[in-house]
Amino acid sequence: MQEYGYWFGQEPGVALVALLVWVKWLEARTERDERTVAVLTLFLLTAVFLRGQTPLHALVAFSGAGLVLLACARLTVSPILPAPLALADRDAGRAMLWALPLAVLLFVLVPRVPGPLWGLPADARAGRTGMSETMEAGSIASLARSDEIAFVVEVLEGRLPTPRYWRGPVLEVYDGRSWKPSSWRAANPMLDASPQPAHVRYRSLQEPSDLTWVFTLERTHALRGAADVERMPTGSWRTRRPLLQRTLFEGEARSGEPLPEPLSPLSIRALTFLPPGVNPRTREVGEALSTRYPRTEDRLAAIIDFFRERGLRYTLTPPPMERDSADQVLFEVRAGFCEHFADAFAVMARAAGIPTRIVLGYLGGERNPANGNWTIRQADAHSWVEVWFEGTGWISVDPTLFAQPERADRQLGEVLGGREGVPLLLRPEWRWAWRLRAQLEAWEYGWNVWVAGFDADRQHRLWRILGWRPDRALGWAIAATGIVLALTFLLAWRMQRPYAPRDPLERQWQRFCRSMARHGLARAPAEGPLDYGRRLMTRFPEASDAIEAVLRPYLEARYGRGSDEAAIAMRQALRRLRRRLRKHQ
């Protein structure tokens with residue numbers, strides 16, 4: 001527990017069970033102890049799905065279950081009887097084959113709880129985080145060195161715009177060093193004032209994070225998914241709780257439109273506020289532009305020209321900037337990453353009297369040639385600026401494009417090449433490995449959507465295709481339970497049946513022994529055919545000749561030169577014996 005830092009949760013609980021299983025294995029002395037360890041191991045294999053439901057997790061759990069069943073089957077092999085290990089291996093493989101159709105039946109028929117398969121309770125501290133809700137100079141550059149997937153997008157209708165901006169938290173509060181979301185924002189009644197047909201309809205599978213923000217295509221006006229979502233006054237979307245598990249959303253967007261919002265004088269003052277004494281040179285330029293250009297459009301154009309004339313350099317490794325980062329970027333270093341340029345542009349625009357804020361999200365994404373989906377990675381993390389015009393609303397401006405215009409439609413690895421710590425698989429010279437990974441990721445996405453994401457809605461759609469009514473879920477649950485129980489009892493009965501030998505003569509001998517056992521005369525394990533036959537003749541003297549007719553071909557075949565017709569003769573004699581015994585009952 002000291003390793004995790006907390007006591008209650010999935011991870012410390014599973015770790016404790018694993019420790020107890022290991023201790024139990026150390027002190028195992030009997031076959032019963034070994035079976036207990038096997039059962040506990042099966043429980044631990046189910047805990048694999050608490051960490052993820054990818055095809056790799058399923059393969060590991062299935063293979064582990066097969067090995068455990070193989071171990072249990074081999075435990076049944078007696079060290080005295082000459083039973084081959086191949087028989088135990090075959091029984092284990094047969095059990096796994098029986099389990100596959102049973103699992104598919106349960107998967108389709110048993111009613112599912114709302115939410116996909118991955119919607120399992122998660123530890124509060126177990127979520128992964130990429131993007132943050134705050135921004136400081138250099139905070140996003142570290143994400144650019146990670147090729148982990150942030151989310152995957154499948155286009156259902158329309159076409160994604162170029163460039164592709166994926167919107168997250170909007171930062172409106174500036175303290176001189178960092179940008180944060182505001183807590184004073186009022187409702188924006190103009191978000192849905194002019195509904196128009198969607199340009200793009202898409203599905204987004206977002207990876208776990210410690211954030212409540214859903215990263216959506218710019219100007220997404222409708223969003224629904226497995227988690228409850230709400231649209232913020234800033235145009236971004238968020239959930240009520242952090243996304244601690246993989247979550248599927250479907251959205252509709254009208255790209256290329258301004259974001260309308262009326263601002264009160266108080267809001268304008270808040271969105272043009274700059275702490276005193278911070279970034280004096282950048283503020284001086286902004287204030288001078290405000291005096292020179294009365295119109296907001298002219299001031300914005302002058303700021304853009306200033307940035308283009310500075311000769312800024314796009315880099316992942318700028319020097320540390322502890323104070324007055326905007327001044328250092330524009331007048332000293334003249335280099336930086338996206339957050340450096342966004343920070344400097346926002347400071348100058350606010351100094352010029354233009355309401356400005358910063359948007360965090362992602363830019364671009366790579367198209368997977370295997371399935372046509374778009375994969376957005378942590379390396380695509382980005383920040384840009386929004387400026388407000390009266391009567392129009394918020395308009396996006398990306399200061400990074402003034403330093404590196406190719407970044408709008410090219411990946412980070414293509415822009416920076418193999419320099420400055422770009423992940424290997426994002427570099428152009430590693431495209432062969434990228435293609436292999438793209439195929440694997442395409443398979444994983446299909447698994448996540450159609451298997452791990454097989455929620456109640458998808459199940460109901462499947463039932464309708466099959467002609468079933470989803471409103472009769474209880475009836476189907478009872479029927480599915482009955483079918484499962486019947487198959488389980490059938491499998492148990494089949495596995496409990498004595499082994500049927502392939503030798504036809506031995507098969508007839510087993511039938512003879514079972515028939516006599518039903519009359520109360522079962523053969524003892526160490527009783528030979530002759531002794532058994534004498535005991536049967538003593539009990540049924542009126543059928544002695546029929547019993548001898550059954551034993552003779554068996555003894556001649558086993559201990560003499562018997563013929564190939566011995567099994568046939570034995571079967572015919574067994575029929576006569578059964579008729580004789582029925583007459584004398």
Side-chain angles (χ1 to χ4, degrees), residues 53-55 112 114-119 149-168 191-192 194-209 213-232 235-239 243 245-257 259 361-377 380 382 396 409 411 438-466 470:
Q53 294 84 43
T54 65
R112 308 181 72 82
L117 177 63
W118 57 64
I149 295 177
F151 53 95
V152 180
V153 173
E154 178 184 0
V155 179
L156 304 177
E157 184 178 338
R159 180 179 296 179
L160 295 181
T162 301
R164 297 171 297 276
Y165 287 93
W166 308 94
R167 189 182 189 87
L191 278 179
D192 299 313
S194 57
Q196 299 292 333
H199 297 163
V200 183
R201 192 167 63 89
Y202 63 95
R203 179 185 292 134
S204 173
L205 183 62
Q206 185 159 321
E207 293 295 318
S209 70
W213 299 101
V214 182
F215 294 95
T216 60
L217 189 64
E218 274 281 55
R219 305 306 182 253
T220 293
H221 63 271
L223 188 71
R224 55 190 176 275
D228 294 333
V229 294
E230 60 178 339
R231 194 177 186 185
M232 306 302 294
S236 299
W237 292 84
R238 68 184 307 172
T239 59
L243 297 172
Q245 61 270 335
R246 190 180 290 109
T247 311
L248 189 67
F249 299 95
E250 288 190 12
E252 298 177 6
R254 294 188 296 267
S255 57
E257 297 181 356
L259 186 64
Y362 296 85
L363 171 61
E366 58 188 5
R367 192 173 186 273
N368 192 322
N371 57 8
N373 293 343
W374 293 87
T375 302
I376 292 84
R377 305 182 184 278
D380 298 316
H382 196 65
S396 298
D409 53 6
Q411 297 299 111
Q439 183 62 64
L440 296 177
E441 291 176 348
W443 292 339
E444 184 174 351
Y445 177 80
W447 171 276
N448 288 332
V449 172
W450 298 107
V451 180
F454 188 73
D455 55 9
D457 292 337
R458 291 178 180 272
Q459 186 183 50
H460 290 171
R461 288 199 294 267
L462 176 60
W463 287 0
R464 292 189 187 97
I465 294 174
L466 298 176

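The residues of the chain are indexed from 1 along the displayed sequence. We use all heavy atoms of the structure for the numbers below, so side chains are in, but hydrogens, waters and symmetry mates are not.
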> Do the side-chain N and O atoms of Arg167 and Thr216 include a donor-acceptor pair separated by under 3.5 angstrom?
Replying inline: no

How about [X] and [Y]: do any of their side-chain heavy atoms sit closer than 4.5 Å?
X	Y	result
Tyr165	Ser396	no
Asn373	Val153	no
Val229	Arg238	no
Arg219	Glu252	no
Leu440	Tyr445	no
Arg231	His221	yes
Asn368	Glu441	yes
Trp374	Val152	no

> For the atom pair OG1 (Thr375) and CD1 (Ile149), what is the distance rounded to the nearest 0.5 Å?
Replying inline: 5.5 Å

> Atom CZ of Arg164 and atom CZ of Arg159: how far apart are they, to the nearest 0.5 Å?
Replying inline: 11.5 Å

> Hey, is the main chain of Phe215 close enough, under 3.5 Å, to the side chain of Gln206 for a donor-acceptor pair?
Replying inline: yes

> Backbone N or O of Ser236 within a donor-acceptor pair of the Trp213 side chain at under 3.5 Å?
Replying inline: no

> How close do Leu223 and Gly251 get, heavy atom to heavy atom, and via which atoms?
Replying inline: CD1-CA, 3.9 Å

> So, for Gly365 and Asp380, which heavy atoms are closest and what is the spacing to 0.1 Å?
Replying inline: CA-OD2, 3.8 Å

> Going through the distances and angles, do Val214 and Trp166 end up as a side chain to side chain contact (heavy atoms under 4.5 Å, CB included)?
Replying inline: CA-CA 9 Å; Val214 182; Trp166 308 94; over 6 Å; no

All N/O donor-acceptor pairs, side-chain side in residues 197-205, below 3.5 Å, sequence neighbours left out:
from	atom 1	to	atom 2	distance (Å)
His199	ND1	Ser255	N	3.4
His199	ND1	Ser255	O	3.4
Arg201	NE	Glu157	OE1	3.4
Tyr202	OH	Leu217	N	3.1
Tyr202	OH	Thr220	OG1	2.8
Arg203	NH1	Glu154	OE1	2.8

> Is Arg377 paired with Glu366 through a side-chain N to carboxylate O contact shorter than 4.0 Å?
Replying inline: yes

>> Check for me whether the distance between the ring centres of Phe151 and Tyr362 falls short of 6.0 Å.
In response: yes

